[in-house]
Amino acid sequence: MTCAFDAEQNEEPPILPGDGSLPLDRPWTWLERGWRDFTRTPEIGLFYGFGLVACSWALTLALAVAGEIHLLLPFTGGFFIVAPLLVAGLYDTSRRLELGERPRLGTALMAWRAPGQLALMGAVLLLLHLAWIRVALLLYPLFFGGGHSSMTSLPELLGTSPGLALLVIGGAIGGLFALIAFCISAVSLPMLVDRDVSVIEAILASVQAVRRNRRAMLFWGILIVGFTAAGIATLFVGLAVIAPVIAHATWHAYRDAIVAPP
């Protein structure tokens, strides 16, 4: 099945989630194609990448100045929830490259085909992020007592039994939030950039695509977490390249999971 991607086209092909035939190793192909798109338009990818790095540094500094540096871990966990929305322009960049066009930074920044729907999707992801932060804050007194203000340093979190227990339990709960975010946004965000569909349609298509291709999508989610964690571990610097490559790869995941590539 082929699909036209011209934004001026009035008739949209039907949304057809994948039939479950995506092989387990397919995410490596998405990453390869994502890297190819990144190297073809590095100025766009690096703009988004270093923007994420700058935001991460600013957040870290703000938490340190406020004496709330222990909140860095839950906020970092939330990064996996909201980051896909922040790089929406890179989905359109891959889309234009596929059409044989020469993408520009300006078009990437103005790529939102349905800004209202993307804003609504952003609200959904933001609410999920805030819910995770709230749960994380409620976990602190369960392990340390006296409210989360008793935690004043990362060594206390990493070097004590309550802190390690908090990491395990909090990590498991955070993983559940991340899984929910992944299921609803795995292909919905590039779809909203590419098609005139509603948020509900995009989310349902994303969930169905993940369900039909469980093995490949689960592996894709593991790769996203692994590579993103590696970028965060480099004091966020690695995200300058890792984030845009994953964003480009997400476009190709959408193409494979929803419609057959040309």
Under the rule for side-chain hydrogen bond (donor to acceptor under 3.5 Å, both in side chains), what residues qualify as partners of Ser94, not counting sequence neighbours?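 Partners of Ser94 by the side-chain hydrogen bond (donor to acceptor under 3.5 Å, both in side chains) criterion, ordered by chain and then number, come out as Asp37, His248.
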I'd like to check the side-chain hydrogen bond (donor to acceptor under 3.5 Å, both in side chains) partners of Ser198; sequence neighbours left out, ordered by chain and number.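 Expected list: Glu201.
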List, by chain and number, the other hydrophobic cluster members for [X], where Ile, Leu, Val, Met, Phe, Trp and Tyr join if side-chain heavy atoms come within less than 4.5 Å, directly or indirectly.
X	answer
Leu218	Ile222
Leu179	none
Leu97	none

Qualifying residues under side-chain contact (heavy atoms from CB on, under 4.5 Å), relative to [X], sequence neighbours excluded:
X	value
Ala186	Phe182, Ser206, Val210
Thr250	Tyr91, Pro190, Trp220, Ile246
Pro42	none

List the steps and the verdict of side chain to side chain contact (heavy atoms under 4.5 Å, CB included) for Trp132 and Ile173. CA-CA 8 Å; Trp132 155 240; Ile173 297 176; 4.2 Å; yes
Where [X] and [Y] come nearest, the two heavy atoms and their spacing:
X	Y	value
Pro27	Ala216	CG-O, 3.4 Å
Leu239	Thr228	CD2-O, 3.9 Å
Phe177	Leu128	CD2-CD1, 3.7 Å
Val53	Phe236	CG2-O, 3.1 Å
Leu46	Ala240	CD2-O, 3.8 Å

For the CG atom on Leu235, are there more than 12 heavy atoms of other groups (residues, nucleotides or ligands in this structure) within a distance under 6.0 Å?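 Counting other residues, nucleotides and ligands, CG of Leu235 stays at 12 neighbours or fewer.
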More than 12 non-hydrogen atoms from neighbouring residues, nucleotides or ligands closer than 6.0 Å to CZ on Arg211, yes or no?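 Above 12, so yes.
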Would a single hydrophobic cluster contain both [Y] and [X], if residues Ile, Leu, Val, Met, Phe, Trp and Tyr are joined by side-chain heavy-atom contacts under 4.5 Å?
X	Y	result
Leu127	Leu86	no
Leu176	Leu126	no
Leu90	Leu105	yes
Phe50	Leu61	no

Check the pair Gln117 / Asp196 against side chain to side chain contact (heavy atoms under 4.5 Å, CB included), numbers first and verdict last. CA-CA 9 Å; Gln117 295 301 309; Asp196 290 322; over 6 Å; no
To the closest 0.5 Å, what do you measure between CZ (Arg26) and CE (Met217)?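 Going from CZ on Arg26 over to CE on Met217, the span is 11.0 Å.
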Side-chain contact, heavy-atom cut-off 4.5 Å: Arg33 with Asp256?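 A side-chain contact under 4.5 Å exists here.
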So, using ring-ring contact (aromatic ring centres under 6.0 Å, His included) as the criterion, who are the partners of Phe38 when residues are at least two apart?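 Residues passing ring-ring contact (aromatic ring centres under 6.0 Å, His included) with Phe38: Trp35.
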For Phe219, give me all partners under ring-ring contact (aromatic ring centres under 6.0 Å, His included), at least two apart in sequence or on another chain.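 So Phe219 forms a ring-ring contact (aromatic ring centres under 6.0 Å, His included) with Trp28.
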What pairs meet the salt bridge (charged side-chain N to carboxylate O under 4.0 Å, His left out) rule with one or both residues in residues 38-66, with sequence neighbours excluded?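 Matches after skipping sequence neighbours: Glu43-Arg102.
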Between Leu109 and Phe47, is a side chain to side chain contact (heavy atoms under 4.5 Å, CB included) present by the stated rule, with each step listed? CA-CA 10 Å; Leu109 293 174; Phe47 176 86; 3.8 Å; yes
Mind checking what makes salt bridge (Lys or Arg N to Asp or Glu O under 4.0 Å) contact with Glu101, not counting sequence neighbours?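 Testing Glu101 for salt bridge (Lys or Arg N to Asp or Glu O under 4.0 Å), a comparison that skips the adjacent residues, returns Arg96.
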